[in-house]
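All residue numbers refer to positions in the sequence shown, counting from 1. Both counts, for ligands and for their atoms, begin at 1 and track the order of listing.
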Amino acid sequence: MIEFTDVVKSYEQGNKALNGVSMQIEDGEFVFLVGPSGSGKSTIIKLITGELKPTSGTVHVNGYSLERIRKREIPFLRRTVGVVFQDFRLIDNMTVYENVAFAMRVIGAKESEIKERVPYVLDLVGLENKTNRRPGELSGGEQQRLAIARALVNNPSTIIADEPTGNLDPARALEIMELLQEINNLGTTLLVVTHAQNLVNQFGNRVISLDEGLIVSDGLEEEAINEAQ
Ligand code: ADP
């Protein structure tokens with residue numbers, strides 16, 4: 001579960017990125033986080049992953065209290081939260097298989113576990129026939145699938161995807177959203193940051209809208225539209 005209570009985040013220069021955000025995301029939910037550039041979306045992601053601490057208020061993520069988490073606990077928190085970065089952060093000189101296996105190796109997984117799990121997640125994201133390619137030999141949509149596979153491989157309870165359809169054509173974007181929906185159907189909590197209003201409308205999931213560091217609506221898309229009217 002993710003729970004923000006009265007979260008304020010000011011950056012050193014005095015920039016207030018979040019002005020008192022409260023929200024709760026239950027296990028198993030699929031939530032879209034939308035808002036214009038500068039509204040605080042990345043700050044929310046960084047607070048969830050422990051990259052930033054709140055200036056005031058509390059952030060609870062999967063049993064960890066982030067306002068007072070110790071440095072040595074952060075790797076354990078991060079095993080519960082898989083992040084799909086906007087710029088993918090793939091390792092160019094490793095194959096598809098190795099990119100995913102590496103994420104398991106760094107947390108000390110056994111080779112037998114890696115051999116079982118990596119093919120499973122590559123199959124889930126539809127890259128089973130590309131295991132020996134390198135990221136540079138994949139399309140944008142395939143690179144996105146690889147980034148999703150890597151975020152999934154250590155079986156986190158939560159996945160955060162930052163603009164997962166940002167650079168894709170509409171057909172590929174829809175496929176990626178469908179894949180994320182499928183992953184959610186298998187039980188993983190999904191928080192998807194997106195500008196793709198058309199996809200948000202199509203999926204009918206909960207939408208949290210941010211503006212200038214405040215939540216301006218939170219609910220199913222239809223309710224959010226009604227509230228705005
Ligand atoms: P979004 O992801 O919605 O574009 P951000 O969370 O990146 O928004 O930014 C929210 C606000 O915080 C913006 O006004 C931005 O300029 C400011 N901000 C973000 N990161 C920093 C930083 N490292 N230092 C100072 N201000 C920052």
Side-chain angles (χ1 to χ4, degrees), residues 1-25 29-62 64-69 71 74 77-78 80-90 140 143-144 147-148 150-151 156 158-168 173 176-177 180 189-203 205-221 223-225 227-228:
M1 191 186 71
I2 297 174
E3 187 177 35
F4 278 51
T5 307
D6 298 327
V7 174
V8 171
K9 176 66 198 174
S10 307
Y11 286 100
E12 273 163 24
Q13 297 87 330
N15 257 346
K16 248 192 182 181
L18 298 179
N19 284 312
V21 165
S22 297
M23 62 172 185
Q24 193 165 326
I25 299 174
E29 277 198 87
F30 187 129
V31 178
F32 287 117
L33 180 62
V34 303
S37 179
S39 57
K41 304 182 299 296
S42 311
T43 302
I44 286 185
I45 294 181
K46 288 175 184 163
L47 286 166
I48 293 172
T49 59
E51 204 177 314
L52 292 176
K53 284 201 169 172
T55 307
S56 65
T58 59
V59 177
H60 293 173
V61 178
N62 300 333
Y64 293 88
S65 294
L66 284 264
E67 68 283 357
R68 55 188 155 87
I69 195 168
K71 248 196 177 150
I74 286 183
L77 159 76
R78 289 192 182 153
T80 74
V81 184
V83 182
V84 183
F85 297 100
Q86 210 172 346
D87 57 1
F88 306 142
R89 304 195 190 172
L90 301 170
Q143 289 183 23
Q144 185 61 268
I148 292 169
R150 191 189 46 191
T158 309
I159 290 212
I160 298 178
D162 191 2
E163 292 284 357
T165 61
N167 302 312
L168 303 178
I176 291 292
M177 283 297 189
L180 294 173
T189 310
L190 255 295
L191 178 63
V192 178
V193 174
T194 185
H195 275 109
Q197 193 62 44
N198 57 328
L199 288 174
V200 168
N201 296 344
Q202 209 164 330
F203 278 78
N205 293 319
R206 178 178 166 194
V207 183
I208 298 177
S209 304
L210 276 181
D211 196 16
E212 297 188 0
L214 285 171
I215 293 179
V216 291
S217 71
D218 179 355
L220 296 175
E221 181 58 14
E223 295 167 22
I225 290 167
E227 266 170 42

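The protein residues lying under 4.0 angstrom from ligand 1, judged by non-hydrogen atoms, are Y11, Q13, N15, A17, P36, S37, G38, S39, G40, K41, S42, T43.
The side-chain heavy atoms of I176 and I148, taken from C-beta on, include a pair separated by under 4.5 Å. With contacts defined as side-chain heavy-atom distances shorter than 4.5 Å, the pair T194/V34 qualifies. For the pair L18/L47, a side-chain contact is recorded, criterion being any heavy-atom separation below 4.5 Å from C-beta on.
In this view, F32 and F30 satisfy the ring pair (Phe, Tyr, Trp, His ring centres under 6.0 Å) rule, not counting sequence neighbours.
Remark: side-chain polar atoms of Q144 are paired, donor with acceptor, to backbone N or O of P164 under 3.5 angstrom.
The closest side-chain donor-acceptor pair between Q197 and N201 falls under 3.5 angstrom.
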